[in-house]
Number of protein chains: 2
Amino acid sequence: MAEEPPPLGPLRAATTGEQVAHRLSTAIALGEFSLGDRLPSERELAALLEVSRESVRAALRRLTEAGLIEVRRGRGGGAFVRAQWAESSETSVREALLAQWEDFEALFDYRRLIESLIARTAAQRATDDDRAAIRAALTAFEGSANPAEARRHDTELHLVIARTTHNARLVRLHQLLLSEVSLGVSEEPYTWEIYEEARPHHRDLAEAVLGGDAERAAEVAGEHFAITENALRRLAARVGRDRP
Amino acid sequence: MAEEPPPLGPLRAATTGEQVAHRLSTAIALGEFSLGDRLPSERELAALLEVSRESVRAALRRLTEAGLIEVRRGRGGGAFVRAQWAESSETSVREALLAQWEDFEALFDYRRLIESLIARTAAQRATDDDRAAIRAALTAFEGSANPAEARRHDTELHLVIARTTHNARLVRLHQLLLSEVSLGVSEEPYTWEIYEEARPHHRDLAEAVLGGDAERAAEVAGEHFAITENALRRLAARVGRDRP
DNA sequence: CGTAAAGGTCTGGAAACTAGACCTTTACCC
DNA sequence: GGGTAAAGGTCTAGTTTCCAGACCTTTACG
């Protein structure tokens with residue numbers, strides 16, 4: 001389990017490049033840019049973020065090294081979001097997982113708790129507008145034509161539910177957790193298998209929220225978000241862990 | 001209600017002085033340094049935080065301007081935590097409150113939700129060690145000799161309960177919220193009146209957690225943390241607001 | 001084959017941060 | 001009372017980071 005930080009330890013200053021890299025990776029994790037998408041050009045990013053182009057380039061170098069993006073030169077080039085598992089060797093995955101395993105345990109536990117709270121609160125606070133939005137998001141999800149689309153609609157549905165709490169901070173926490181989990185596990189591809197597993201959960205969750213059944217919503221959410229955790233556990237096992 | 005931030009807006013870089021100021025004010029809000037305490041000397045702080053003394057001084061200037069500390073020169077001098085309401089005029093209080101009222105509404109709502117979650121989870125996860133710690137903290141709180149001590153024990157009891165969730169992130173969130181609320185309302189003095197109001201709540205909360213009654217714990221926590229909110233509302237009314 | 005749109009590189013200057021020396025104030029102790 | 005220690009207050013020089021902008025190179029498209 002991660003430690004509580006000491007009250008007055010050293011201050012680690014993040015360079016501008018690191019901060020930009022964090023922003024960008026978060027945006028990618030939140031689906032702002034999907035697989036294969038091109039990020040804005042360096043000059044555009046520099047303008048958007050109001051930093052120098054050099055800082056943007058420092059960030060892109062980081063993301064490239066992390067395997068998150070791929071940079072192509074020339075006209076029509078730019079930084080493209082890469083399929084995550086593409087070239088990361090299994091041993092590097094294993095090392096990453098093992099090194100941070102305690103953190104992940106805590107992170108997933110945290111996420112399950114928070115998402116249960118969000119579901120519970122959403123069920124208690126849903127207005128008619130919220131209900132309409134949830135229904136629309138659920139329909140969109142269930143009509144997904146391919147995994148990429150399913151993933152987008154999945155994210156969107158959960159976002160709509162988070163918004164139903166009518167608390168911007170909870171929404172932000174939801175997004176923060178989503179991005180942390182996505183980046184932490186390097187975003188396993190969204191397969192039809194996962195889709196099929198998530199589908200009934202989403203329906204149950206939506207119905208509980210729509211029906212105002214807070215307890216049930218909390219419970220279903222708890223189970224649902226165990227999916228990611230289990231997927232990670234399976235992955236860890238596949239990669240060859242020795243721990244339970 | 002606070003807005004959701006745009007995905008790729010300008011990046012606001014915090015200067016080292018600001019970061020140090022944030023660290024220090026958080027430490028104060030969390031009770032690391034209580035009213036009247038002396039902070040470590042500038043040179044010590046610089047060494048602890050691994051920044052230059054100038055940066056520490058920049059931070060102390062900020063905190064002084066904010067009225068959070070008072071700096072005395074000469075031997076035995078230093079930065080002392082000040083009684084918050086001491087010299088801030090009512091109009092400045094009023095302006096601060098009104099300017100951030102939407103934020104506060106969201107913040108307190110958020111806090112109530114999170115603290116309910118913490119209480120609920122603590123009730124579900126308490127071990128014998130946790131129970132002993134909670135009992136000890138409750139006893140200490142109830143035996144407080146003066147408001148200052150009561151405040152410390154109050155904080156400590158809630159911290160112990162947060163730790164009972166066995167999730168370091170929840171603990172951190174608890175502390176983050178505590179510090180944000182404390183700083184936001186400039187920490188109204190902890191009076192016997194508040195103590196008397198909090199006392200039965202604490203007992204109920206502790207009993208619910210000790211007894212593993214998650215629902216009751218969540219409910220009591222929700223009511224308890226409405227205290228701060230109501231105190232703020234009363235303050236706002238006293239200061240002369242016109243809104244409900 | 002020229003041009004436009006992208007990344008890649010370089011340079012000069014501005015701003016922030018640091019390290020350290022030195023000054024001033026104040027309390028305590030002899 | 002005078003000395004001294006411990007604190008804040010000030011100044012300077014040097015380093016690092018960041019920025020703005022010009023310019024080069026690569027590549028696709030018309």
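Throughout, a chain's letter reflects where its sequence line sits, starting with A, and its residues are numbered from 1.
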Student: Closest nucleotide of DNA chain C for A/Ala79 versus for B/Gln19: which of these residues is on the 5' side?
Tutor: A/Ala79
Student: For the backbone of B/Glu193 and the side chain of B/Glu196, can you confirm whether one donor and one acceptor N or O come within less than 3.5 Å of each other?
Tutor: no
Student: What's the CZ-P distance between B/Arg75 and C/dC29, to the nearest Å?
Tutor: 7 Å
Student: Closer than 4.0 angstrom, basic N to acidic O: yes or no for A/Arg23 and A/Glu18?
Tutor: no
Student: Is a donor on one side and an acceptor on the other found under 3.5 Å between the side chain of A/Ser144 and the backbone of A/Asn146?
Tutor: no
Student: Hey, which sits more toward the 5' end of DNA chain D by its nearest nucleotide, A/Val51 or B/Pro40?
Tutor: B/Pro40
Student: Indicate, with a heavy-atom threshold strictly under 4.0 Å, whether B/Arg72 touches base, sugar-phosphate, or nothing.
Tutor: sugar-phosphate
Student: Under 4.0 angstrom, heavy atoms only, what part of the nucleic acid is B/Arg38 near: base, sugar-phosphate, or nothing?
Tutor: sugar-phosphate
Student: At a heavy-atom distance below 4.0 Å, which nucleotide of DNA chain D is the first touched by chain B, and which is the last?
Tutor: D/dA5 to D/dC11
Student: Do A/Phe225 and A/His158 make the cut of ring centroids closer than 6.0 angstrom?
Tutor: yes
Student: Taking only the side-chain nitrogens and oxygens of B/Ser55, find out if one of them lies under 4.0 Å from OP1 or OP2 of C/dA16.
Tutor: no
Student: Describe the nucleic acid contact of B/Gly76 in one word from base, sugar-phosphate, nothing, applying a heavy-atom distance below 4.0 Å.
Tutor: nothing
Student: Measure from NZ or CZ of A/Arg72 to the centre of the six-membered ring of A/Phe80 and say whether it is under 6.0 Å with the direction within 45° of the ring axis.
Tutor: yes
Student: Regarding A/Arg38 and A/Glu70, does a basic nitrogen lie under 4.0 Å from an acidic carboxylate oxygen?
Tutor: no
Student: Output the rounded distance in Å from CD (A/Glu54) to P (C/dA15).
Tutor: 19 Å
Student: Tell me what A/Arg43 touches on the nucleic acid: a base, only sugar-phosphate, or nothing, going by heavy atoms under 4.0 Å.
Tutor: base
Student: Can you tell me the distance, in whole Å, between the CZ atom of B/Arg61 and the C1' atom of C/dC17?
Tutor: 13 Å
